[in-house]
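Below is one structure, written out as structure tokens; the observations come after it.
Chain letters run A, B, ... following the sequence lines, proteins first, then strands; residues in each count from 1.
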Amino acid sequence: MLDPAIIIEQSDLIRETARKKGLSFDLDRFIELDTKRRKLQVEADKLRSQKNEANGKIAKMEGEERQAVIAEMKLVADQEKTLSEDLREVEKEWKILLLQAPGLMSDKTPEGKDDGDNVELYTWGKPRSFEFEAKDHVQLGLDLDIIDIERGVKIAGSRNYFLKGDGALLELAILNYTLQKLVAKGFTAFLPPMLVKHEAMLGTGYFPGGEDQAYALGVQRPGEAIESDDKYLIGTSEVSVASYHKNETLSEEELPKLYAGYSYCFRREAGTYGKDTHGLYRIHQFQKVEQVVLCKNDKEESAKMHEFLLKNAEEVLQDLALPYRVVAVCSGDMGQGQYYKNDIETWMPSRGSYGETHSCSTFLDFQARRLNIKYKDANGDKRFVHTLNNTCIASPRILIPLLEQYQNKDGSITIPEVLQPYMGGKSKITKTI
RNA sequence: GGAGAGAUGGCAGAGUGGUCGAAUGCGGCGGUCUUGAAAACCGUUAGGCCCGCAAGGGUCUCCUGGGUUCGAAUCCCAGUCUCUCCGCCA
């Protein structure tokens, strides 16, 4: 959410930002409503003030005089009621629009329409060249009996899978390794709720707009029965962890908060029919270790944190010796609330390209305003924190490059050294039976 | 799932229709005293919105949303959450 004052005062900038991000935001309507809202509030406040003044007096009056004033105030109360209703109506629409206003955008963000316009900043590592015919992760998983997509689909529908045996253990190893690494860097580990209230989705900026992508429990959809739970499955632990301090005022000394959320993530992937249907790339359920940061309301500070989060994720890929590149996400591929965003794309041999595995975002105070998370600064003033987040590892997508890059000619998979302690010391995944 | 109790400021806790945004205590902050500290004493100590260059003023908020009333922390309705007891259960 933007500071409403900014929308009014810098309307040209906001209009431009909405255009660049490809968002529709009815700025003119917002300004119109804002003007109306102020006017109505001034009038309503005046009538309320009249009422309050009379209330004190009526208590002390008696007889006819009292009855006369009460009769008079009855009229004022009626007027006030009508006016308040109008005000409430206007505010309602005003708030809905405010939630749709685009967050500010960094100068560093390249302008573009979609992910095709993202700009590569640098690469790390070299894709492996195979001296034998390499398999893709689906074939490897099937042959080693560690990934079972067919049965996953049988049980849970399209875009579902089982991880099995060493496949299951490997995923846990990667996640555990990553979490430990973050904890060693000062992060606090979180196992957050995966089922959250509407306000958490709203506060982090996924709603309104992203309702299609979230699994909802007990919420009425067209043609479906109504149930009483109004709960949503998170698409990322960012939703729960960033909301952790909702409606709280922190002290400046305790910032930055470095949080590592570990959870399953659920995504409906609506509107992606036919896209990335092969293998474990685009699926409905995965596990992720997410970095979430709350820091001071200072662009330099959040830029520093952004760099920090990016490097943490890169380190994990470097530990795993997986080649990757970092891109600057362009305006059109960025979310409503994001100020600056980098994706890390890891080399995936079977795709013959880099595929998105991480997403690092700076929000400034966009989320903090919605979540009402403040801190008291050195002057004693209350300010909204800045929030950031970045994937540290997400699996099973990361298994795609991992399995494919680490495969051997005999069909076995070498387990990266850093993961071996998390796999009971095992160094290879081989065919069992 | 059944029965009951409750939700008030940072915390504890009064207040059951009329100057109540709210007593009191604790905590926090500032000060007096002190070589320093403690104790004691004095003062101060919520947030949102609106008007205003500012000083300042108005308004809203006692879980949330409606309602009754000239007037609601207090009365009514709905919802949420917490606690206790019983049942069920990973």
Between [N] and [M], how many Å separate the two [atom1] atoms, rounded to a whole number?
| N | M | atom1 | result |
| --- | --- | --- | --- |
| B/rC86 | B/rA72 | C1' | 37 Å |
| B/rG9 | B/rG66 | C1' | 25 Å |
| B/rU74 | B/rG15 | P | 15 Å |
| B/rC20 | B/rA46 | C1' | 15 Å |
| B/rC42 | B/rU24 | P | 12 Å |
| B/rG2 | B/rC88 | C1' | 11 Å |
| B/rU16 | B/rA23 | C1' | 15 Å |
| B/rG21 | B/rC26 | P | 25 Å |

How long is the line joining [atom1] of [X] and [atom2] of [N], in whole Å?
| X | N | atom1 | atom2 | answer |
| --- | --- | --- | --- | --- |
| A/Asn247 | B/rC81 | CG | C1' | 14 Å |
| A/Glu9 | B/rC53 | CD | P | 13 Å |
| A/Glu80 | B/rC50 | CD | P | 18 Å |
| A/Met1 | B/rG48 | CE | P | 12 Å |
| A/Phe384 | B/rG48 | CZ | P | 8 Å |
| A/Glu43 | B/rC49 | CD | C1' | 16 Å |
| A/Glu91 | B/rU61 | CD | P | 13 Å |
| A/Arg37 | B/rC49 | CZ | C1' | 7 Å |

Evaluate side chain to side chain donor-acceptor pair (under 3.5 Å) for A/Gln213 paired with A/Tyr206, printing each intermediate quantity in order. CA-CA 9 Å; A/Gln213 299 302 333; A/Tyr206 286 92; over 6 Å; no
A/Ala71 or A/Trp94, whichever maps to the more 5' nucleotide of RNA chain B: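 The answer here is A/Trp94.
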Of A/Lys376 and A/Glu53, the one whose closest RNA chain B nucleotide lies more 5':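 Upstream on the strand: A/Lys376.
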Would you mind checking if A/Lys164 and A/Asp145 are paired as a salt bridge, meaning a charged N to carboxylate O distance below 4.0 Å?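 Counted as a salt bridge, because a side-chain N and a carboxylate O are separated by less than 4.0 Å.
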Flag the pair A/Arg88 and A/Glu85 as a salt bridge only when some basic side-chain nitrogen lies within less than 4.0 angstrom of an acidic carboxylate oxygen.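 Not counted as a salt bridge, because no side-chain N and carboxylate O are separated by less than 4.0 Å.
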With a non-hydrogen cut-off below 4.0 angstrom, is [X] in contact with a base, only sugar-phosphate, or nothing?
| X | answer |
| --- | --- |
| A/Lys197 | nothing |
| A/Ala54 | nothing |
| A/Arg66 | base |
| A/Lys57 | nothing |

Complement of [N], any strand, by Watson-Crick or G-U distances under 3.5 angstrom:
| N | result |
| --- | --- |
| B/rC20 | none |
| B/rG52 | none |
| B/rA90 | none |
| B/rA5 | B/rU82 |
| B/rC62 | none |
| B/rU35 | none |
| B/rC29 | B/rG43 |

Nearest to the [X] side chain among [options], which nucleotide is it?
| X | options | value |
| --- | --- | --- |
| A/Arg48 | B/rC50, B/rG48, B/rC60 | B/rC60 |
| A/Met73 | B/rC51, B/rU59, B/rC70 | B/rC70 |
| A/Ile58 | B/rG71, B/rC60, B/rG18 | B/rG18 |

Does a side-chain N or O from [X] land closer than 4.0 Å to OP1 or OP2 of [N], or not?
| X | N | result |
| --- | --- | --- |
| A/Arg88 | B/rG65 | no |
| A/Lys81 | B/rU68 | yes |
| A/Lys46 | B/rG57 | no |
| A/Lys51 | B/rC70 | no |
| A/Asn52 | B/rC60 | yes |
| A/Arg38 | B/rC49 | no |
| A/Lys382 | B/rG47 | yes |

Check if the side chain of A/Asn55 and the base of B/rG71 share a donor-acceptor pair of N or O atoms closer than 3.5 Å.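 It does not, because no donor-acceptor pair links the side chain of A/Asn55 to the base of B/rG71 below 3.5 Å.
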How are the rings of A/Tyr340 and A/His306 set to each other: parallel, tilted or perpendicular (split at 30° and 60°)?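 Rings of A/Tyr340 and A/His306: tilted, as their planes differ by 30° to 60°.
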At what distance, to the nearest 0.5 angstrom, does [atom1] of [X] lie from [atom2] of [Y]?
| X | Y | atom1 | atom2 | answer |
| --- | --- | --- | --- | --- |
| A/Arg383 | A/Asp377 | CZ | CG | 6.0 Å |
| A/Tyr339 | A/Thr387 | OH | OG1 | 13.5 Å |
| A/Met73 | A/Asn52 | CE | CG | 8.5 Å |

Applying the ring pair (Phe, Tyr, Trp, His ring centres under 6.0 Å) criterion to A/Tyr232, which one of A/Phe266, A/Phe207, A/Tyr215 satisfies it?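 Result for ring pair (Phe, Tyr, Trp, His ring centres under 6.0 Å) with A/Tyr232: A/Phe207.
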